[in-house]
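Every heavy atom of this structure was used, including side-chain atoms; hydrogens, water molecules and symmetry mates were not. All chains are named by letter (A, B, ...) in the order of the sequence lines, taking the proteins before the strands, and each is independently numbered beginning at 1.
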2 protein chains.
Amino acid sequence: MIYSSELIKGTLKTIVLKMLEDNRKMYGYEITQKVKELTKDRIQLTEGALYPTLHALENDGLLTTETEYIGKRVRKYYSLSPSGKGKARERVSELADFMETMKLLLDIQVKPA
Amino acid sequence: MIYSSELIKGTLKTIVLKMLEDNRKMYGYEITQKVKELTKDRIQLTEGALYPTLHALENDGLLTTETEYIGKRVRKYYSLSPSGKGKARERVSELADFMETMKLLLDIQVKPA
DNA sequence: CAAAGATACATAAGAATCCAATGCATCCAA
DNA sequence: TTGGATGCATTGGATTCTTATGTATCTTTG
């Protein structure tokens with residue numbers, strides 16, 4: 001199943017923060033691959049959406065960066081700043097709560113974890 | 001808790017379709033109140049978002065309308081068209097699936113229904 | 001060895017979606 | 001009679017994401 005793109009809206013920042021919470025440091029491309037893998041190809045982040053988001057989170061002081069060279073190729077690693085860690089927890093719990101509410105509203109039977 | 005508005009994005013159409021699936025016919029204001037009630041005030045649809053959405057769904061042939069007068073006040077009822085009923089089921093099940101995926105991705109413990 | 005595909009960054013134009021503000025009008029209760 | 005609730009609607013702006021494009025390197029395969 002491919003999700004209509006509308007659904008993804010609003011969750012991208014949360015996804016990115018969560019990925020970085022679980023993995024210390026990651027680079028953009030790695031994030032797209034990890035999400036793709038974890039969601040069994042259901043969610044494929046586009047670069048046009050991801051990079052601006054990473055830059056925005058960095059501008060907000062939630063992420064820090066370090067550049068590495070793999071041969072001649074640049075790789076830009078992102079990590080959560082202290083405030084980013086707080087924000088990550090906040091966002092994930094907000095989304096969890098939102099999902100509970102939607103479940104209630106839409107009368108959806110959710111499988112227990 | 002008040003959800004950051006980003007989260008609501010992408011779910012509004014689904015919410016509207018689901019409300020009409022459960023209630024045969026409803027008018028705009030009634031939908032806002034029903035959603036507010038069912039979500040214990042967590043989701044409050046704004047009129048600036050709701051009415052354009054209702055009009056869009058009507059233009060797509062998913063909703064039909066009938067106007068009633070309560071005294072001198074106009075009330076515009078919306079109902080699902082046959083294709084709207086199909087769309088409602090489709091959208092709700094898509095959102096349910098999406099929520100499962102997000103649960104997986106975000107490692108969220110969801111309470112069983 | 002050449003070409004294609006994967007890796008890796010990035011931006012820009014446009015579409016879509018939603019919010020806040022505003023407007024109009026009626027009804028009811030204090 | 002005035003404020004709050006009911007009920008419709010539109011507009012301007014912000015935000016977010018998609019599509020398309022661009023650059024460059026590395027790896028695999030025919």
Side-chain angles (χ1 to χ4, degrees), chain A residues 2-17 19 25-37 41-60 62-63 65-78 91 95 98 102, chain B residues 2-17 19 25-37 41-60 62-63 65-78 91 95 98 102:
Chain A
I2 299 162
Y3 303 126
S4 69
S5 58
E6 291 168 65
L7 283 183
I8 319 283
K9 290 194 182 187
T11 60
L12 180 54
K13 278 185 188 171
T14 307
I15 290 172
V16 169
L17 290 171
M19 289 302 103
K25 72 177 191 178
M26 297 180 90
Y27 51 99
Y29 188 79
E30 188 184 8
I31 294 176
T32 66
Q33 298 309 300
K34 190 70 182 175
V35 169
K36 191 182 170 202
E37 177 202 328
D41 292 13
R42 289 197 191 81
I43 296 180
Q44 300 202 24
L45 304 184
T46 60
E47 293 167 293
L50 180 62
Y51 288 114
T53 295
L54 286 169
H55 300 160
L57 291 172
E58 189 184 2
N59 282 340
D60 289 347
L62 302 175
L63 303 185
T65 61
E66 43 184 316
T67 301
E68 275 188 21
Y69 280 87
I70 308 299
K72 284 180 184 174
R73 241 157 56 191
V74 180
R75 191 178 278 178
K76 199 167 167 187
Y77 278 99
Y78 291 88
R91 284 285 203 141
L95 183 51
F98 178 71
M102 288 302 292
Chain B
I2 298 162
Y3 303 126
S4 68
S5 57
E6 292 168 64
L7 284 182
I8 319 283
K9 289 193 182 189
T11 61
L12 180 54
K13 278 184 188 172
T14 306
I15 290 173
V16 169
L17 290 171
M19 290 301 104
K25 71 177 192 178
M26 297 180 89
Y27 51 99
Y29 189 78
E30 189 184 8
I31 294 176
T32 65
Q33 297 310 302
K34 191 70 181 176
V35 169
K36 191 183 168 201
E37 177 202 328
D41 292 12
R42 289 199 192 81
I43 296 180
Q44 300 203 24
L45 303 184
T46 61
E47 293 167 295
L50 179 62
Y51 287 112
T53 296
L54 285 170
H55 300 159
L57 291 172
E58 189 184 1
N59 282 340
D60 289 347
L62 302 175
L63 303 185
T65 62
E66 43 185 315
T67 300
E68 273 188 22
Y69 280 87
I70 307 299
K72 284 180 183 173
R73 236 147 71 180
V74 180
R75 191 178 277 178
K76 200 166 165 188
Y77 278 100
Y78 292 87
R91 283 285 202 142
L95 183 50
F98 178 71
M102 288 303 291

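Residues passing the ring pair (Phe, Tyr, Trp, His ring centres under 6.0 Å) test with A:Y29, sequence neighbours excluded: none. The side-chain hydrogen bond (donor to acceptor under 3.5 Å, both in side chains) check on A:E58 picks up A:T65, with sequence neighbours excluded. Shown here are the side-chain contact (heavy atoms from CB on, under 4.5 Å) partners of A:T46, two or more places apart in sequence or in another chain: A:A49. Residues meeting the salt bridge (charged side-chain N to carboxylate O under 4.0 Å, His left out) test with B:E68, sequence neighbours left out: B:K25. Take B:Q44 and apply the side-chain hydrogen bond (donor to acceptor under 3.5 Å, both in side chains) test, not counting sequence neighbours, and it matches no residue.
Among the nucleotides C:dA10, D:dT6, C:dC19, the one closest to any side-chain atom of A:E47 is C:dA10. Of all nucleotides listed (D:dA5, C:dA8, D:dA9), D:dA5 comes nearest to the side chain of B:Y29. Nearest nucleotide to the side chain of A:Y51, out of D:dT19, C:dC19, C:dT11: C:dT11. Nearest to the side chain of A:Y27, among C:dT11, C:dA8, D:dG7, sits C:dA8.
Within 4.0 Å (heavy atoms only), A:G28 reaches sugar-phosphate atoms of the nucleic acid but no base atom.
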Test side chain to side chain contact (heavy atoms under 4.5 Å, CB included) applied to A:K76 and A:Y51, step by step: CA-CA 11 Å; A:K76 199 167 167 187; A:Y51 288 114; over 6 Å; no
One pair to check against side chain to side chain contact (heavy atoms under 4.5 Å, CB included): B:E66 and B:Y78. What are the steps and the verdict? CA-CA 7 Å; B:E66 43 185 315; B:Y78 292 87; over 6 Å; no
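Atom-to-atom, NZ of B:K34 to P of D:dT6 comes out at 15 Å; the value is rounded to the nearest Å. At whole-Å resolution of the value, NE2 in B:H55 and C1' in D:dG7 are 12 Å apart. B:E68 has its CD atom 18 Å from the P atom of D:dT6, to the nearest Å. Atom CD of B:Q33 and atom C1' of D:dC8 are 14 Å apart (whole Å). When rounded to the nearest whole Å, the span between CG of B:L54 and P of D:dA9 equals 8 Å. Rounded to an integer number of Å, the gap from OH of B:Y69 to C1' of D:dC8 is 11 Å.
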Which protein N or O atoms sit under 3.5 Å from an N or O of nucleotides 14-17 of chain C?
unit_1 : atom_1 : unit_2 : atom_2 : d
C:dT17 : OP1    : A:E6   : OE1    : 3.4
C:dT17 : OP1    : A:E6   : OE2    : 3.4

Write down the protein N/O and nucleotide N/O pairs, taken from nucleotides 27-30 of chain C, whose separation is under 3.5 Å; answer none if there are no such pairs.
unit_1 : atom_1 : unit_2 : atom_2 : d
C:dC27 : OP1    : B:K72  : N      : 3.0
C:dC27 : O4'    : B:R73  : NH1    : 3.0

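Residues B:I43 and A:F98 form a side-chain contact, since some pair of their non-hydrogen atoms from C-beta on lies under 4.5 Å apart.
A pairwise comparison of heavy atoms in B:L45 and B:L12 identifies CD2-CD1, 3.7 Å as the closest pair.
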